[in-house]
Amino acid sequence: MSEPLYELRQVEKAYHGRSVLHIDELAVYPGEILALVGPSGVGKSTLLRLLNFLEPPTKGTIMFRGQVFNGQQEVPLAERRRVTTVFQRPFLLNRSVKANVAYGLHLRGNRDSREQVADVLARVGLQDQAQQRARTLSGGEAQRVALARAMILQPDVLLLDEPTANLDPYNVGMIEEIVRQMNATQAMTMVLVTHNIFQAKRLAHRVALLLNGRVVETAPTDTFFNQPGDPRTAAFVRGDMVY
Amino acid sequence: MEVVALSLRVSGTALLVSTVIGIPIGAFLGLRRFVGRPFVMALLYTAMGFPPVVVGLLVYLLLSRNGPLGQIESAWIPRLFTPEAMILAQSVIAVPLVAGFTMAAVLGVDPQLQQQIKSLGATPWQEMATTLSEARVGVIIAIVAALGRIAAEVGAVMLVGGNIDGRTRVLTTAVVLETRKGNFELAIALGIILIGIAFVVNTTMLILQRQVSK
């Protein structure tokens with residue numbers, strides 16, 4: 001396997017003195033889709049925020065592209081811009097669809113983005129809604145705009161935090177296909193948080209189970225579902241409660 | 001007409017000054033967490049309710065000959081009984097209003113949207129600008145509220161301006177004077193002009209608000 005893109009060591013995140021995440025060791029490899037699964041409240045979204053450098057770890061180090069960050073120093077903007085997140089809710093700006101999609105490029109000083117926006121909107125099937133106010137879209141359409149807004153940036157890492165929760169099967173299928181294509185054609189590294197273990201099975205190359213803020217097991221998808229190494233993983237895959 | 005023009009100049013300039021100062025303060029308080037922030041917010045809310053006449057008194061004492069600024073010769077420090085002193089007093093009244101309402105508008109923006117903005121690669125300044133843009137309806141309300149307060153204000157401008165004919169007389173102080181003189185027709189006419197100006201400005205703001213919130 002190639003050198004990891006991310007390497008987390010002894011990473012801890014605490015809020016008001018209460019530890020919510022403790023990762024002894026976790027690596028994310030270039031070009032892979034790593035799914036993080038586990039019950040609600042085990043720290044999956046917190047882990048994504050750390051990977052996106054939205055919050056610093058309380059303890060430990062995050063190595064990203066060979067540079068080590070320990071929460072004491074500011075992560076350079078150029079590094080931060082290599083990673084972006086699509087959240088469970090699309091969080092669109094109160095602007096047109098095309099303005100939302102172009103937003104990240106504008107932040108980077110790219111003002112002439114018309115062709116790129118048109119191309120990306122076509123890829124998510126929203127070329128006819130470019131002029132529409134983003135907040136008038138349906139839930140599925142809004143999430144596809146959120147995905148387009150991330151896609152256009154061509155980040156090294158795309159973090160997906162329950163991107164298809166509460167969506168209808170048509171939009172789930174469409175978003176999964178876009179994710180699969182982005183990963184295959186651009187070798188984009190992705191970390192997917194999902195409650196849907198079938199989605200993890202469909203999309204991920206590797207799966208990690210988090211329980212009580214700790215990684216219980218990380219394994220290739222096939223192994224994770226068919227020959228789990230930890231009894232808690234086996235119980236989770238069977239659908240048993242594993243709190 | 002001179003009175004109307006001076007009223008517009010004084011209140012318009014004070015509004016501009018308070019917008020330029022108040023919006024960044026409000027945005028900063030709404031977005032950043034720091035030690036002592038609740039205390040600063042409490043001070044801001046208190047300042048929002050300050051009686052204009054007390055502000056006028058403070059500015060008067062500050063600019064009077066024996067005041068801390070009265071003895072300094074500088075083009076940046078206005079003299080008492082000038083339109084500039086009236087602008088200063090009205091700015092002091094309006095800044096907390098603009099800052100306070102802007103802060104409330106920014107606090108109303110979903111914190112997770114701010115996280116999304118940051119995740120898309122915004123610098124702290126870009127994050128602040130985008131959040132303000134999302135809170136734009138509230139920011140317009142902040143400006144309208146401040147204008148309403150200073151355009152109708154009489155105590156502070158009377159104290160620091162002195163209501164001098166041809167120099168510092170504005171619509172509100174003229175209404176007071178004409179009423180005292182018993183010239184009720186003129187006082188009412190001036191009052192109607194004042195209300196008319198407020199109506200035009202607020203209607204313009206309302207149209208702007210509807211356009212930006214679409």
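Within every chain, numbering begins at 1; the chains are lettered A, B, ... in the order of the sequence lines, protein sequences first and strands thereafter. Values below: all heavy atoms of this structure, side chains included; hydrogens, waters and symmetry mates excluded.
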* Asked: What do the steps show when you test B:Q115 against A:E55 for side-chain contact (heavy atoms from CB on, under 4.5 Å), and what is the final call?
  -> CA-CA 10 Å; B:Q115 203 159 64; A:E55 294 176 17; 3.9 Å; yes
* Considering only heavy atoms, which portion of B:T123 lies under 4.5 Å from any heavy atom of chain A: side chain, backbone, both, or neither? ->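 Both parts, heavy atoms under 4.5 Å.
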Is it the case that the side chain of [X] and the backbone of [Y] share a donor-acceptor pair, with hydrogens and angles ignored and the cut-off at 3.5 Å?
{"X": "B:Q116", "Y": "A:F91", "result": "no"}
{"X": "B:E134", "Y": "A:N94", "result": "yes"}
{"X": "B:S119", "Y": "A:T84", "result": "no"}

* Can you find a pair of side-chain heavy atoms, one from B:Q126 and one from A:H106, that are under 4.5 Å apart? ->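 Sidechains of A:H106 and B:Q126: no contact.
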Heavy-atom count around [X] [atom1] within 6.0 Å, excluding the residue itself: above 12?
{"X": "A:R18", "atom1": "CZ", "answer": "no"}
{"X": "A:Q73", "atom1": "CD", "answer": "yes"}
{"X": "B:F81", "atom1": "CZ", "answer": "yes"}
{"X": "B:Y60", "atom1": "OH", "answer": "no"}
{"X": "A:K13", "atom1": "NZ", "answer": "yes"}
{"X": "B:R79", "atom1": "CZ", "answer": "yes"}
{"X": "B:F101", "atom1": "CZ", "answer": "no"}
{"X": "A:E79", "atom1": "CD", "answer": "yes"}

For the atom pair [atom1] ([X]) and [atom2] ([Y]), what is the distance rounded to the nearest 0.5 Å?
{"X": "A:I152", "Y": "B:L120", "atom1": "CD1", "atom2": "CG", "answer": "11.0 Å"}
{"X": "A:L54", "Y": "B:I117", "atom1": "CG", "atom2": "CD1", "answer": "11.5 Å"}
{"X": "B:K118", "Y": "A:L107", "atom1": "NZ", "atom2": "CG", "answer": "13.5 Å"}

* To do: Can you see which heavy atom on A:R95 is nearest to which on B:T130, and at what distance?
  =>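 A:R95 and B:T130 have their closest heavy atoms at NH2-CG2, 4.0 Å.
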* Asked: Nearest heavy-atom pair of A:R80 and B:A122: which atoms, and what distance?
  ->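 Heavy atoms of A:R80 and B:A122 come nearest at NH2-O, 2.9 Å.
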Identify which part of [X] has an atom lying under 4.5 Å from any heavy atom of chain B, answering side chain, backbone, both or neither.
{"X": "A:R82", "answer": "neither"}
{"X": "A:L93", "answer": "both"}
{"X": "A:P155", "answer": "neither"}

